[in-house]
S.K.: 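A single structure is presented below for examination.
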Amino acid sequence: MARTVPKLGGGSATLDGDAFEARFNMPLVHETVRAELNARRRGTASTKTKGEVSGGGAKPWRQKGTGRARAGSSRSPIWTGGGTVFGPSPRSYTFKVNRKARRAALRSVLSVHAERQSLAVFDAAGFDAPSTRQAAALLSEWDRAAATHLTLVLLTEAEANAGMSFRNLSKVAVLAVGDAGVADVIGAASLLVSEAALPALVARATGSSDEEAS
């Protein structure tokens, strides 16, 4: 029997079995989330080595006869103001996760929300203009997690009015359905998807859009 989820405002919606009835694959989800979070890192941390720090061109004192330890540069790593040994340098933290693996991970996390009944759909066309009050009233009808937990709202690019309505609410994040990653979906306590965005979400999880294009 196909899973159904509540439709806010009345009614219910039937979920695609391929996208919302998958077995949860923890190692695959972990790898995908780690790849997504790494890709978001700026990787701009940088330190200077002994050869990059300005100054230190002259030998501080002669090699022998002073009673002090020999020193060749005042920019040695053991000196104040000296270079850094094995410090960070600009780099990319990204690593590849295969497309099929990303889709399987997305199916896993979507199925978790469907199984926990923390998923609902709504009609974003009902927002003729941005209205935070309307968005709050819509969420209050849903028996969801407490307001201290994050709710992720997924919309299409054309549903700007709904996006502006939800984004002002506390503990609510709004993303375009094409921009939502596995880390975003699994990191939310509740998932609210517009009726127009649901087919696009299913297509991302199953790869049906690529098959149609080919």
Side-chain angles (χ1 to χ4, degrees), residues 22-113 116 118 145-155 157 163-164 166-191 201 204-205 207 209-210:
R23 180 181 62 86
F24 185 72
N25 189 329
M26 174 64 79
L28 189 58
V29 171
H30 176 266
E31 180 185 16
T32 307
V33 169
R34 193 165 62 90
E36 290 180 356
L37 297 182
N38 276 12
R40 298 175 189 179
R41 296 184 66 175
R42 296 179 64 184
T44 56
S46 179
T47 55
K48 292 184 178 181
T49 64
K50 174 182 175 182
E52 295 170 330
V53 179
S54 62
K59 187 174 174 64
W61 50 74
R62 66 178 189 267
Q63 183 80 349
K64 296 179 180 295
T66 64
R68 291 178 288 186
R70 57 193 176 187
S73 171
S74 61
R75 295 298 178 259
S76 168
I78 63 175
W79 282 48
T80 300
T84 301
V85 180
F86 303 128
S89 57
R91 53 164 292 192
S92 172
Y93 290 90
T94 60
F95 63 91
K96 181 182 178 182
V97 176
N98 290 333
R99 185 182 303 173
K100 289 185 177 179
R102 292 198 307 268
R103 290 173 182 162
L106 183 57
R107 291 194 296 271
S108 290
V109 297
L110 291 177
S111 300
V112 167
H113 279 290
R116 294 177 178 174
S118 56
T148 55
H149 296 78
L150 178 66
T151 297
L152 178 63
V153 180
L154 299 182
L155 304 166
E157 296 287 351
M164 287 186 284
F166 281 100
R167 71 182 183 182
N168 288 331
L169 295 175
S170 177
K171 297 297 180 180
V172 175
V174 179
L175 285 175
V177 65
D179 297 334
V182 175
D184 301 309
V185 176
I186 196 63
S190 304
L191 186 62
L201 185 62
R204 284 191 58 198
S209 58
D210 292 345

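Just so you know, these numbers come straight off a predicted model, no measurement behind them. Residue numbers run from 1 in the order of the sequence given. Both backbone and side-chain heavy atoms feed into the values below; hydrogens, waters and symmetry mates do not.
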S.K.: Between Arg62 (side chain) and Lys64 (backbone), is there a donor-acceptor pair under 3.5 Å?
M.R.: yes

S.K.: Search all heavy atoms of Gly72 against all heavy atoms of Pro60 and return the closest pair with its distance.
M.R.: C-CD, 3.7 Å

S.K.: Gly83 and Val53: which non-hydrogen atoms are nearest, and at how many Å?
M.R.: CA-CG2, 3.6 Å

S.K.: Inspect the surroundings of NZ in Lys59 and state if more than 12 heavy atoms from other residues, nucleotides or ligands are less than 6.0 Å away.
M.R.: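 Yes, enclosed.
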
S.K.: Take Lys171 and Leu169 through the test side chain to side chain contact (heavy atoms under 4.5 Å, CB included) and record every step on the way to the result.
M.R.: CA-CA 6 Å; Lys171 297 297 180 180; Leu169 295 175; over 6 Å; no

S.K.: Looking only at heavy atoms, what is the nearest atom pair of Leu28 and Thr32, with distance?
M.R.: O-OG1, 2.8 Å

S.K.: To the nearest 0.5 Å, what is the distance between CG on Leu152 and NE2 on His113?
M.R.: 7.5 Å

S.K.: Keeping Arg204 on the side-chain end and Val177 on the backbone end, is there a donor-acceptor pair under 3.5 Å?
M.R.: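 Yes, because the side chain of Arg204 sits within donor-acceptor range (under 3.5 Å) of the backbone of Val177.
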
S.K.: Scan Val29, Val112, Val109 and name whichever one has a side-chain contact (heavy atoms from CB on, under 4.5 Å) with Val185.
M.R.: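 Passing option: Val109.
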
S.K.: When you look at Asp184 and Leu154, which way does the side chain to side chain contact (heavy atoms under 4.5 Å, CB included) test go after all the steps?
M.R.: CA-CA 10 Å; Asp184 301 309; Leu154 299 182; over 6 Å; no

S.K.: Do Glu31 side-chain atoms and Val97 backbone N/O form a donor-acceptor pair below 3.5 Å?
M.R.: no

S.K.: Can you run down the side chain to side chain donor-acceptor pair (under 3.5 Å) pairs that involve residues 66-77, sequence neighbours left out, and say none if there aren't any?
M.R.: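 Counting only pairs at least two positions apart or across chains, no side chain to side chain donor-acceptor pair (under 3.5 Å) contact touches residues 66-77.
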
S.K.: If a pair satisfies ring pair (Phe, Tyr, Trp, His ring centres under 6.0 Å) and one of its residues is in residues 66-107, list it, with sequence neighbours excluded.
M.R.: Trp61-Trp79

S.K.: Evaluate the salt bridge (Lys or Arg N to Asp or Glu O under 4.0 Å) criterion for residues Arg40 and Asp179: first the C-alpha distance (whole Å), next the side-chain angles of each, then the deciding distance (0.1 Å), finally the verdict.
M.R.: CA-CA 13 Å; Arg40 298 175 189 179; Asp179 297 334; over 6 Å; no

S.K.: Can you confirm whether more than 12 heavy atoms, excluding those of Glu52, are under 6.0 Å from its CD atom?
M.R.: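 Yes, because the 6.0 Å sphere around CD of Glu52 holds more than 12 heavy atoms from other groups.
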
S.K.: Is a side-chain donor or acceptor of Thr151 paired with a backbone partner of Val172 at a separation under 3.5 angstrom?
M.R.: no

S.K.: Walk me through it: do Asn38 and Thr94 pass the test side chain to side chain contact (heavy atoms under 4.5 Å, CB included)?
M.R.: CA-CA 6 Å; Asn38 276 12; Thr94 60; 5.8 Å; no

S.K.: Which distance, rounded to the nearest 0.5 Å, do you find between the CZ of Arg103 and the CG of Leu110?
M.R.: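 Between Arg103 CZ and Leu110 CG, I get 13.5 Å after rounding to 0.5 Å.
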
S.K.: If every non-hydrogen atom of Thr44 is compared with every non-hydrogen atom of Pro90, which pair is closest and at what distance?
M.R.: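 Closest approach of Thr44 to Pro90: O-CG, 4.4 Å.
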
S.K.: Identify the heavy atoms of Arg107 and Ala205 that sit nearest to each other, and give their distance.
M.R.: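 Between these two residues, the closest heavy atoms are NH1-O, 2.7 Å.
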
S.K.: Looking only at heavy atoms, what is the nearest atom pair of Ser108 and Ala22, with distance?
M.R.: N-CB, 4.5 Å

